[in-house]
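Computed over heavy atoms, backbone and side chain alike; hydrogens, waters and symmetry mates excluded. Chain letters run A, B, ... following the sequence lines, proteins first, then strands; residues in each count from 1.
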There are 2 protein chains.
Amino acid sequence: MKPKIKDVAKLAGVSPTTVSRVLNNRGYLSVDVREKVAKAMKELNYIPNDLARSLYTQRTNLIGFIFPTTANPFYGELIFHMENASFERGYRVLLCNSSSQPEKEEQYVEMLLRNQVDGIISGAHNLGIKAYQHSLPIVAIDRYLSETIPVVSSDNYQGGRLASELLIEKKCKRILHINGTREMASPANKRRDAYEDVMKEHKMEALTYEIPVMGNAEEIISRLLDEQPDVDGIFASDDKIAARVIAEARKRGIKVPENLKVVGYDGTSFVRDIFPDLTTIQQPISDIAEKAVELLVEEIEGIFDPGSQKEFVFPVQLLEGTST
Amino acid sequence: MKPKIKDVAKLAGVSPTTVSRVLNNRGYLSVDVREKVAKAMKELNYIPNDLARSLYTQRTNLIGFIFPTTANPFYGELIFHMENASFERGYRVLLCNSSSQPEKEEQYVEMLLRNQVDGIISGAHNLGIKAYQHSLPIVAIDRYLSETIPVVSSDNYQGGRLASELLIEKKCKRILHINGTREMASPANKRRDAYEDVMKEHKMEALTYEIPVMGNAEEIISRLLDEQPDVDGIFASDDKIAARVIAEARKRGIKVPENLKVVGYDGTSFVRDIFPDLTTIQQPISDIAEKAVELLVEEIEGIFDPGSQKEFVFPVQLLEGTST
DNA sequence: TTGTAGGCGTTATCAA
DNA sequence: TTGATAACGCCTACAA
């Protein structure tokens, strides 16, 4: 069996309390005892049981992440940075990929609560008021979850403007937008708002092709190119869609950027690596990740009051490739 | 405070034991009591504390994942599928991204042990015998960790052959390979072995450019193209490198595939989406994920004996794009 | 069919 | 400076 504090105590010839003290470096301890205990721990290869500890302390140092999917590098990178930031602060991460079963998001929340997580960071969609009711520290990324849940995001409106204005500068006459549906209360909708505002300012018609959550992007892109033969500029709401637009355009002999200019969104380092030609709006993923973890941990530790500030917005950056 | 079993019991007018029974559906229970308890739980919004339960049962239903980084879609997709498979089997996932601090991998293992995980799935590099010593169920993906730890992987040798032979079929005369260094005991080395075997069989010179773990791929690719003006075929050990080769070649005015043919490796769905033109060897990621979880869970539950079979290899598939 | 009591491994209070 | 004891929330013999 795994050694426990009692075993260490017996071997060191002290009481369990004393062992616990050296473990947590609390109270007065003679050097002698310290050494004896340390030796016994090493000898037994003792590893403390955090379950038992957490049961008593009422703190697990566990954070739950609820995100659509690590398979998408945007979330993958976000999660990578958040996990690092959490680890640095002494927190571990319980991972939930919600996208394969969006309706199970509530199950995930309950599971996290059963596991006594100290807080949750969510970038998923449907997480309603339910989770908040449990009065657990929560931070959202790019999603409005409720009145009192702070949201960390990039400056989506600014990003939408940058992308749209770039296409105008580049003399595009017919600029279209591709985005998800408006259903979810996401700050990402502001990308579309910005696009529409910019179009209006330039007296151009705004038209957005929507891709439903479970929709077939391929098909919608095809349809767009069929229906809009005079399109010469496309602002896609993420890099994956932008890349597909370019692939489909090439297939049809439409030259990018000569005949069609395309701007994406996200600018993950993976896509930058693999597709450096793509013009895109880069989100400061590591800043967002760092901030979200910082907020959550401060909320958990009672330093940050979630009522004090609701939104944390980070600037984006336009990265010009050769697709515009 | 959070309601506990005692509170539920009081409200339902029964003993805590009875509540525990309906919770676990154990022993004999009258319908009447069942309903009363259920009602009380709902009323109090009771959520069981898995910590306490685990402390007693000595099982957490927690699995630790140790992988380089979710930022790489190959791992991102693998982890996505593994998390789903785990969830379906009633297990939750503690996530560790080891790549930012490779030397901390042992810390991660210890952390997982403190958290009393039931098992570990690892695709990281340095995890030595140490972890095995703790006699915890472990499954490795694409890494040899120790004699008794089962390895799940795709058929790397076959993949290496497919890639190399394709380039030969396509009449390439000077075929190079790009891969990581040989240091780690990884089945991925077999991709290189296969390349070398195929070259030998065709009496061609084999030459591999190595990219160290922390190395600059960009630079090495540049050097390769500088030093090897007559190269007309490259087999890259992953899609990211393949894509970079293509980007660099284009920059130099080398036409792909006319003057240079490139084959990648991995074939993640993300890269397929964003770069469908790339010829690649696709790993059956979801099969690997599913198998790894299945093995681990069976080992945890005492069904699978890790001594019985050591390797689980899944076939790969050649996907031809226009880069060859 | 239901309740009592003790224990899972740790920590903190209090006394020595 | 150290040790006995109770408690964290739950589960299961055993008793009723």
Spacing of B/Leu51 atom CG and B/Asn115 atom CG [to the nearest 0.5 Å]: 9.5 Å
Atom-pair distance (CD1 on B/Ile5; P on C/dT4), nearest Å: 14 Å
Nearest-Å distance for atom pair CG/P, residues A/Leu51 and D/dC11: 14 Å
For atom NZ of B/Lys6 and atom P of C/dG3, their distance in whole Å: 15 Å
Side-chain N or O of B/Arg26 closer than 4.0 Å to phosphate OP1/OP2 of D/dT12: yes
Polar contact flag, side-chain donor to acceptor under 3.5 angstrom, A/Glu77-A/Ser269: yes
N or O in side chain of A/Gln58 less than 4.0 angstrom from D/dA7 OP1/OP2: no
Test salt bridge (charged side-chain N to carboxylate O under 4.0 Å, His left out) applied to A/Arg89 and A/Glu301, A/Glu290, A/Glu298, the passing residue: A/Glu290
Below 4.0 Å: OP1/OP2 of C/dT11 and any side-chain N or O of A/Thr17: no
Touch class at under 4.0 angstrom, heavy-atom based, for B/Pro48 against every strand present: sugar-phosphate
Short side-chain N/O contact from B/Ser20 to OP1 or OP2 of D/dC11, under 4.0 Å: yes
No-hydrogen, no-angle side-chain donor-acceptor test under 3.5 Å, B/Ser20 and B/Thr17: no
Atom-pair distance (CG on B/Leu55; P on D/dC10), nearest Å: 12 Å
Which residue lies more 5' along DNA chain D, comparing B/Arg21 with B/Asn24 via nearest heavy atoms: B/Asn24
Whole-Å gap separating C1' (D/dG9) and CZ (A/Arg53): 18 Å
Presence of B/Ser30 side-chain N/O under 4.0 Å of C/dT2 phosphate oxygens OP1/OP2: yes
Sugar-phosphate, base or nothing in reach of A/Thr18, heavy atoms under 4.0 Å: sugar-phosphate
Atom-to-atom span, CG of B/Leu23 to P of D/dG9 - whole angstrom: 15 Å
Contact under 4.0 Å: A/Tyr46 side-chain N or O vs C/dT10 OP1/OP2: yes
Atom pair distance, as rounded to whole Å: OH in A/Tyr28 and C1' in D/dG3: 17 Å
Spacing of B/Tyr56 atom OH relative to D/dG9 atom P, expressed in whole Å: 18 Å
Aromatic ring pairing A/Tyr108/B/Phe87, orientation class (parallel under 30°, perpendicular over 60°, tilted between): tilted
